[in-house]
Amino acid sequence: MSGLTPPNEHALVFPMLAMVALTATTLAILFRSRLRAVRERRVSARYFTIYQGETEPESSAQAARHFANLFEAPTLFYVACVTAMVTHHAGAGMQILAWLYVAARAVHSFIHLGSNRVPHRIAAYFTSWAVLLAIWISLALGVALERAA
C-alpha cells in the first residue's frame, strides 16, 4: 500500500443515520399534527385507538402517509448500505450515491410535508428511486466483477 488510508468502509453508517434522523423528524411532525388535530377538535383522541369511525384531518393524514413511506423504499437503501459494507464495496462512489439518495429523500420530504406540489414531489421521488437503483446496480456489478476476477 502506498501510505494512503483505505476508504472508511463504515462511512455508510452516516447516510443511514441521516435517513433515521429524517424518519424521526417526520415522526415528530406527525405527532404534533395529530396532537393539534385533537386539540382543535378536528378528530377525537378515540379515533387513534383503532383508526376507524372518523376521518383523520388532511394535515395529519399526509404526515402519516409520509411516515409510512419512509419504511418502504428506504428499507432497500438500508439493506444496500449494509450489504456494501459487508462485501467491502462501500468506497467513495457508493458513499456519494448514498448521500445523493438521502438528499433526494430529504427534498421529497420537504415537498410532501410542505407545499405538496405533486409534480415536484414526483420528480424528487423518482430521483430517489433512480439513485437507489444506481446503488444496487453499482453494488451488483462490484460483487460480480470481484467474483469474475
Side-chain angles (χ1 to χ4, degrees), residues 1-38 43 47-52 55-149:
M1 186 164 229
S2 62
L4 296 175
T5 309
N8 183 352
E9 290 188 0
H10 298 105
L12 289 176
V13 166
F14 299 111
M16 288 191 296
L17 179 61
M19 281 299 302
V20 170
L22 179 62
T23 304
T25 300
T26 302
L27 177 60
I29 291 167
L30 171 59
F31 186 71
R32 285 184 56 205
S33 68
R34 284 182 169 170
L35 280 178
R36 184 178 20 226
V38 169
V43 68
Y47 165 76
F48 295 104
T49 58
I50 59 171
Y51 296 90
Q52 291 181 351
T55 301
E56 186 170 8
E58 186 178 317
S59 61
S60 60
Q62 182 176 337
R65 178 64 194 118
H66 191 71
F67 183 69
N69 182 264
L70 289 170
F71 290 93
E72 295 169 356
T75 59
L76 298 173
F77 168 73
Y78 294 121
V79 170
C81 288
V82 170
T83 303
M85 289 187 290
V86 168
T87 61
H88 307 291
H89 290 90
M94 187 62 73
Q95 291 172 35
I96 289 168
L97 287 170
W99 281 112
L100 285 173
Y101 181 78
V102 171
R105 290 307 306 218
V107 168
H108 177 256
S109 293
F110 183 78
I111 294 167
H112 195 190
L113 298 172
S115 67
N116 201 20
R117 292 194 174 130
V118 174
H120 297 117
R121 195 175 94 211
I122 289 171
Y125 184 76
F126 282 109
T127 297
S128 73
W129 263 104
V131 175
L132 183 59
L133 290 174
I135 288 170
W136 276 102
I137 290 167
S138 174
L139 181 58
L141 285 174
V143 171
L145 291 173
E146 182 177 274
R147 289 191 58 117

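Residue numbers run from 1 in the order of the sequence given.
- Between C81 and M16 the shortest side-chain heavy-atom distance falls below 4.5 Å.
- Taking CG from L76 and OH from Y101, the interatomic distance works out to 7.5 Å, rounded to the nearest 0.5 Å.
- Put simply, the residue from E58, Q62, E56 that forms a side-chain hydrogen bond (donor to acceptor under 3.5 Å, both in side chains) with S60 is E56.
- Within the 4.5 Å cutoff, the side chain of H89 has heavy atoms near those of the E146 side chain.
- Take Y47 and apply the side-chain hydrogen bond (donor to acceptor under 3.5 Å, both in side chains) test, not counting sequence neighbours, and it matches no residue.
- Heavy-atom minimum distance, L132 versus A73: CD2-O, 3.8 Å.
- A heavy-atom distance below 4.5 Å is found between the side chains of M19 and L70.
- At least one side-chain heavy atom of P15 sits under 4.5 Å from a side-chain heavy atom of F77.
- Rounding to the nearest 0.5 angstrom, the gap separating the CG atom in L139 from the CD1 atom in I135 is 9.5 Å.
- Contact check on E72 versus R105 returns no salt bridge, with no Lys/Arg side-chain nitrogen under 4.0 Å from an Asp/Glu carboxylate oxygen.
- Partners of A11 under the side chain to side chain contact (heavy atoms under 4.5 Å, CB included) rule, at least two apart in sequence or in another chain, are N8, Q95.
- Atom CZ of F110 has 12 or fewer heavy atoms from other residues, nucleotides or ligands within 6.0 Å.
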Side chains of residues 112-124: which donor-acceptor pairs under 3.5 Å do they make with residues two or more places apart or in other chains?
from : atom 1 : to   : atom 2 : distance (Å)
H112 : ND1    : H66  : ND1    : 2.8
N116 : OD1    : R121 : NH1    : 2.6

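- Between T83 and W136, the shortest heavy-atom contact is OG1-CH2, 4.4 Å.
- Between V20 and Y78, some side-chain heavy-atom pair lies under the 4.5 Å cut-off.
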